[in-house]
Amino acid sequence: MEGKIEPGMRAFRRRSSASERAKEIEAINCIVSGKNVLITGGAAGLGYAFLNHFLKHIANKIVILDIDVEAGKRIALGIEKSYGEKKVHFIHADVSNHKQMSEAFEEASSLLGNIDIVVNNAGILDERRWEKEIAVNIGGMINTAMLAMKYMSRNTGGHGGILVNVSQHVDIRNTAQLPVYTATKHAVIGLSQSLSDPNHYEKTGVTVITLCPGLTETALTVDSPNKLLSRVMKADFVKNLEQFAIQTPYIVAQGLMTILRIGETGSIWVIESGKAPYEVYVPNPCTLRRYYKNNLAHVDAKVTRGHTIREVCETTRASLMSCA
């Protein structure tokens with residue numbers, strides 16, 4: 001019997017896997033079904049994949065905000081024809097423009113009645129226009145997050161809800177050519193951590209989750225080599241990208257559905273290489289310290305809740321950087 005799988009055993013394993021998947025879908029439906037959703041950057045890439053998964057899991061109504069009028073209207077019309085009802089609404093808005101976003105949220109609130117889930121997804125990669133990059137990736141993210149809290153918070157008349165801020169899983173090996181973009185994505189994590197403070201949650205009832213996709217096949221990624229600060233960087237950047245497995249937006253959107261089911265407020269989730277989502281933690285600065293003993297550097301790093309790991313590193317600058 002060892003090393004051999006009987007036909008009956010194979011069938012049982014397949015049924016078990018299918019059963020588990022069915023239970024997960026049912027659990028996701030309990031979170032998403034009947035809910036009203038707002039997605040920024042919903043007319044392409046990750047945003048469009050999120051839209052389709054919310055539809056799959058029987059969301060009530062969905063509003064997509066995007067700067068691309070043609071794509072947004074086409075998507076809304078196509079879904080209307082497929083579903084035979086006004087399921088998806090498109091609102092034109094530039095997330096970096098606070099006035100436009102305020103008006104967009106007001107219109108969305110009128111269309112939906114109440115907003116239950118906001119996916120704060122809109123972003124750009126353009127190191128040559130880094131002022132615009134900052135305006136969209138930080139300013140736009142903050143505009144959306146603040147308005148989402150305003151419309152969903154219990155202390156302002158909302159019913160609570162879920163805010164998903166989309167950052168990025170940035171590997172240190174491919175950030176040298178993306179200094180501004182990387183900075184904006186780190187800012188998203190800081191924003192989420194502040195908004196998910198227990199004091200905020202008690203008052204608002206809004207769960208704040210950070211989603212950090214790895215390298216994903218979108219127009220932003222495909223065109224990124226042409227958006228760097230210098231053409232000299234392009235060859236190195238393309239070479240670095242070849243080291244990483246690229247995933248589809250579908251996989252990321254599928255992972256988000258699982259995260260909505262199990263993610264707690266303040267949690268940070270990574271989806272990379274087409275694999276299942278996993279949670280990561282930001283170390284507490286008070287427990288991240290380097291000191292020297294016998295010419296060796298010791299680092300205390302709190303990497304999980306309630307567990308401290310101590311690392312010992314060589315005193316060279318490179319190794320100190322790698323262990324910290």
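- Remark: side-chain polar atoms of D116 are not paired, donor with acceptor, to backbone N or O of G161 under 3.5 angstrom.
- Heavy atoms only, all atoms of each residue included: A145 and N120 are closest at N-ND2, 3.6 Å.
- Scanning both residues, S194 and H200, for their nearest heavy atoms gives O-CD2, 3.1 Å.
- Of the inter-residue distances, the one linking T248 atom OG1 with Q254 atom CD reads 8.5 Å to the nearest 0.5 angstrom.
- Residues Y201 and Y151 do not share a hydrophobic cluster, clusters being chains of Ile/Leu/Val/Met/Phe/Trp/Tyr side chains in contact below 4.5 Å.
- Listed for the T40 side chain is a donor-acceptor partner under 3.5 Å among the backbone atoms of N121.
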### Task
Let me see the working for L51 and I79 under side-chain contact (heavy atoms from CB on, under 4.5 Å), right down to the final yes or no.
CA-CA 10 Å; L51 166 65; I79 292 173; 3.6 Å; yes
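- Of all the heavy atoms in M149 and V208, the pair that sits closest is SD-CG2, 4.5 Å.
- The residues E80 and K87 are annotated as not salt-bridged, no charged nitrogen and carboxylate oxygen being separated by less than 4.0 angstrom.
- The hydrophobic clustering, which links ILVMFWY residues whose side-chain heavy atoms are closer than 4.5 Å, places I262 and I31 together.
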### Message
Applying salt bridge (charged side-chain N to carboxylate O under 4.0 Å, His left out) to E133 and R129, what does each step give before you reach the verdict?
### Response
CA-CA 6 Å; E133 194 173 42; R129 297 191 303 151; over 6 Å; no
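- Listed for the S267 side chain is no donor-acceptor partner under 3.5 Å among the backbone atoms of G263.
- D197 and K203 are not joined by a salt bridge, as no carboxylate oxygen comes within less than 4.0 angstrom of a charged side-chain nitrogen.
- Formation of a donor-acceptor pair under 3.5 Å by the E279 side chain with backbone atoms of W269 is not found in this model.
- Salt bridge present: E24 and R21 bring a charged side-chain N and a carboxylate O closer than 4.0 Å.
- Closest of all the heavy-atom pairs between H53 and A253 is ND1-CB, 3.4 Å.
- Annotation: the span from I189 atom CD1 to T210 atom OG1 amounts to 6.5 Å, rounded to 0.5 Å.
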### Query
Between D94 and K99, does a salt bridge (charged side-chain N to carboxylate O under 4.0 Å, His left out) hold up when you go through it step by step?
CA-CA 9 Å; D94 177 352; K99 184 176 183 294; over 6 Å; no
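- A distance-only check finds a donor-acceptor pair linking the side chain of T216 to the backbone of G214 [under 3.5 Å].
- Formation of a donor-acceptor pair under 3.5 Å by the S82 side chain with backbone atoms of G78 is found in this model.
- Under the 4.5 Å side-chain heavy-atom criterion for ILVMFWY residues, a single connected hydrophobic cluster contains both I75 and V69.
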### Task
Check the pair R261 / V32 against side-chain contact (heavy atoms from CB on, under 4.5 Å), numbers first and verdict last.
CA-CA 9 Å; R261 181 173 66 86; V32 174; over 6 Å; no
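- Looking only at distances, no side-chain donor or acceptor of N97 sits under 3.5 Å from a matching main-chain atom of A93.
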### Task
Verify side-chain contact (heavy atoms from CB on, under 4.5 Å) between H57 and I25, making sure each step is shown before the conclusion.
CA-CA 8 Å; H57 290 286; I25 291 173; 4.2 Å; yes
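- Of the residues listed (V136, N137, L125, I124), the one engaging T184 in a side-chain contact (heavy atoms from CB on, under 4.5 Å) is N137, and it is the only one.
- A donor-acceptor pair under 3.5 Å links the side-chain atoms of E127 to the main chain of V180, judged by distance alone.
- Rounded to the nearest 0.5 Å, atoms NE2 (H92) and CD1 (I67) are 5.5 Å apart.
- Nearest heavy-atom pair across I91 and A104 is CD1-O, 3.6 Å.
- Proximity of a side-chain donor or acceptor of S196 to a complementary backbone N or O of Q193 within less than 3.5 Å is detected.
- Rounding to the nearest 0.5 angstrom, the gap separating the CD1 atom in I209 from the OG1 atom in T207 is 6.0 Å.
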### Query
Are L147 and S102 close enough, and set up right, to give a side-chain contact (heavy atoms from CB on, under 4.5 Å), and what steps lead you there?
CA-CA 7 Å; L147 287 163; S102 295; 4.1 Å; yes
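- Between the side chain of S109 and the main chain of F105, no donor-acceptor pair closer than 3.5 Å is present.
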